[in-house]
Structure formats: structure tokens, C-alpha cells
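These notes are about the structure you will find just below.
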Amino acid sequence: MPKSRIRKKADYTPPPSKPTTAIKLNSRAWVAPVMLAMFLIGLAWIVVFYVTDGSLPIDSLGNWNIVVGFGFIAAGFGVSTQWK
């Protein structure tokens with residue numbers, strides 16, 4: 001029986017590399033200070049409310065002052081989504 005020819009494997013050639021492109025990020029230097037300010041304002045609002053037994057920051061809001069403080073903190077988290 002005749003022997004079949006042995007096929008020679010081609011040398012490995014790596015796939016062509018993709019051209020690198022520089023990623024251009026927008027300058028959002030305002031995000032970090034605004035985010036931290038919102039966090040700190042919210043925290044200070046809640047702490048002042050508890051330390052003054054509800055008479056400050058706004059007496060007429062009563063326990064809704066806690067919601068306002070957490071609103072500032074939530075706004076800080078909302079701003080943090082813009083951080084790159």
C-alpha cells in the first residue's frame with residue numbers, strides 16, 4: 001500500500017495587532033469635590049439634627065431632617081456616577 005504524503009504544518013504567524021488608540025477622557029475635575037461636599041453636608045445635617053435634639057437645622061421639618069440629610073448623601077452617590 002502506498003504511503004500518503006506527510007503534510008508540513010505552516011509556521012505559526014500571530015494575528016495582526018490592532019492599532020492602539022488613545023482613550024480620551026473628559027476632564028471632570030468638579031465631580032470629586034461636589035461628591036465629597038454632598039456627603040459631608042448630608043452627614044453634618046444628620047449629626048446636627050441629633051446633637052441639637054431636633055431643634056436644628058430646620059425645626060419645622062421635625063424628623064424629616066433625617067430624610068433631607070440622606071437626600072444629600074444620595075445626591076452625592078448620584079454625582080459619583082459621573083466620576084471617571
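Just the heavy atoms: all of them, side chains too, but no hydrogens, waters or symmetry mates, feed the values below.
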Residues that Met38 engages under side chain to side chain contact (heavy atoms under 4.5 Å, CB included), provided they are two or more places apart: Val34, Phe72, Ala75

Not counting sequence neighbours, list each pair that qualifies as a side-chain hydrogen bond (donor to acceptor under 3.5 Å, both in side chains) and has a residue in residues 31-44. none

Tyr50: what forms a ring-ring contact (aromatic ring centres under 6.0 Å, His included) with it, not counting sequence neighbours? none

State, to 0.1 Å, how close Tyr12 and Pro15 come at their nearest heavy-atom pair, and which atoms those are. OH-CD, 3.8 Å

Give a yes or no on whether Met35 and Phe70 share a hydrophobic cluster (residues Ile, Leu, Val, Met, Phe, Trp, Tyr; joining criterion: side-chain heavy atoms under 4.5 Å apart). yes

Of all residues at least two apart in sequence or in a different chain, which pass the ring-ring contact (aromatic ring centres under 6.0 Å, His included) check with Phe49? none

If you link I, L, V, M, F, W and Y whenever their side-chain heavy atoms are under 4.5 Å apart, who else ends up in the same group as Val51? Leu43, Val47

Are Val48 and Val68 connected into the same hydrophobic cluster when the rule is that any two of I, L, V, M, F, W, Y join if their side-chain heavy atoms are below 4.5 Å apart? no

Does anything in residues 64-75 form a side-chain hydrogen bond (donor to acceptor under 3.5 Å, both in side chains)? List the pairs, not counting sequence neighbours. Trp45-Asn65

What distance separates Leu40 CG from Ile73 CD1, expressed to the nearest 0.5 Å? 9.5 Å

Indicate, with yes or no, if Leu56 and Ile41 share a hydrophobic cluster defined by side-chain heavy-atom contacts under 4.5 Å among Ile, Leu, Val, Met, Phe, Trp and Tyr. no

